[in-house]
Amino acid sequence: AQAVGAAAGARNADELAGELEAQARRVNGPQGAVELLARWLERSDGGQCSFPLAGTGEGTHGLAEPLNFHQVMLRSQALE
């Protein structure tokens, strides 16, 4: 999980949401779902990573706050 957190700074919130949705699509059976949710919970509890929204930057005058892992997960369709 450490390497994932280190690489997280290079991604924006939409890219992470897409990754979470892809992980969810690959789940096979209830045990796989439990393991995936446990990994997501572990990452969510860390809270040290932030992910900017796509398209934010100088042109938006910095009005959008970056999201943490938990916020990105809830914003994605990964739990559907």
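We number each residue from 1, following the sequence as shown. The figures that follow rest on heavy atoms only: side chains count, while hydrogens, waters and symmetry mates do not.
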Completion exercise
Of all heavy-atom pairs linking Ala54 and Asp14, the shortest is CB-OD2, 3.0 Å
Completion exercise
In this structure, SG of Cys49 is separated from NE2 of His70 (nearest 0.5 Å) by 15.0 Å
Exercise for the section: Give a yes or no on whether Asp45 atom CG has more than 12 heavy-atom contacts from other residues, nucleotides or ligands under 6.0 Å away. Expected result: yes
Completion exercise
Tightest non-hydrogen contact, residues Phe51 and Asn12, listed as CB-C, 4.0 Å
Handout entry: Backbone of Gly32 reached by a side-chain donor or acceptor of Glu35 within 3.5 Å
Key = no
Practice task
Provide the closest heavy-atom pair for Arg75 versus Ala13 in the form atom of the first, atom of the second, distance.
Solution key: NH1-CB, 4.2 Å
Handout entry: side chain to side chain contact (heavy atoms under 4.5 Å, CB included) between Arg43 and Leu16, worked out
Key = CA-CA 12 Å; Arg43 287 181 69 183; Leu16 177 60; 3.8 Å; yes
Completion exercise
Minimal heavy-atom distance between Phe69 and Trp40, with the atoms involved, is CE2-O, 3.3 Å
Completion exercise
Interatomic distance, CG@Leu20 vs CG@Leu36, rounded to 0.5 Å, equals 8.0 Å
Problem - Where Ser76 and Glu21 come nearest, the two heavy atoms and their spacing - result: CB-OE2, 3.5 Å
Fill in the blank from the handout: CG (Leu67) and CE (Met73) are apart, to the nearest 0.5 Å, by 12.5 Å
